[in-house]
Each structure stands twice: as C-alpha cells, then as structure tokens.
Amino acid sequence: MTATRSVEKRLLEMEKKEQASREKAKRYAAKKKALQQRQAEDERKKRTHRLCQVSGNAPSLRSAADRAAHL
C-alpha cells in the first residue's frame, strides 16, 4: 500500500507541475501578444507620422513645380 501511495503522490505532484507549466505558458503567450500589439501600434504611428510629413510638404512642392512650369 505504501508503494501505491507514493506513486499517487508523485502523480499528483506531476499534475501540479503540469498545470503550473500550462499557466506559465499562457502568461508567456499573453506577454508575446501584448508585445506584438505594441509593435504594430508603433509601426502605425510611424507610418502616420511619415504620411503627415509628406502631405505637409506637398503644397511647397506643388508651388515649386508651378513656378518651374511658368518659366
């Protein structure tokens, strides 16, 4: 009987470790997802900034092209 109990105890310990590993894996997955979302947000912000800069320069480029066309 004592051998059976020690096996049962070992099985319970293994199940606890397995559960802890699953929870740890879920936490890592959540952290990974958050980092990917932050990266995507940063890329959107950079793209928006770049587009705003380009569109802000468009009137000056257009006026320079108009001046060159009238020469």
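We number each residue from 1, following the sequence as shown.
- By the side-chain hydrogen bond (donor to acceptor under 3.5 Å, both in side chains) test, Gln36 is found to be paired with no residue, residues two or more places apart in sequence or in another chain being considered.
- Under the rule for a side chain to side chain contact (heavy atoms under 4.5 Å, CB included), the partners of Gln53 that lie at least two apart in sequence or sit in another chain are His49.
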Donor-acceptor contacts under 3.5 Å from residues 16-23 side chains, at least two apart:
{"from": "Glu18", "atom 1": "OE2", "to": "Arg22", "atom 2": "NH2", "distance (Å)": "3.0"}
{"from": "Gln19", "atom 1": "OE1", "to": "Arg22", "atom 2": "NH1", "distance (Å)": "3.3"}
{"from": "Gln19", "atom 1": "NE2", "to": "Glu23", "atom 2": "OE2", "distance (Å)": "3.4"}
{"from": "Ser21", "atom 1": "OG", "to": "Lys17", "atom 2": "O", "distance (Å)": "3.0"}

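- With Leu12 as the partner, the side chain to side chain contact (heavy atoms under 4.5 Å, CB included) test is satisfied by one option alone out of Glu15, Met14, Glu8, Arg10: Glu15.
- One distance of note links CZ of Arg50 with OG of Ser55; it measures 12.0 Å at 0.5 Å rounding.
- Between Lys45 and Glu41, at least one side-chain N (NZ, or NE/NH1/NH2) sits under 4.0 Å from a carboxylate O, which counts as a salt bridge.
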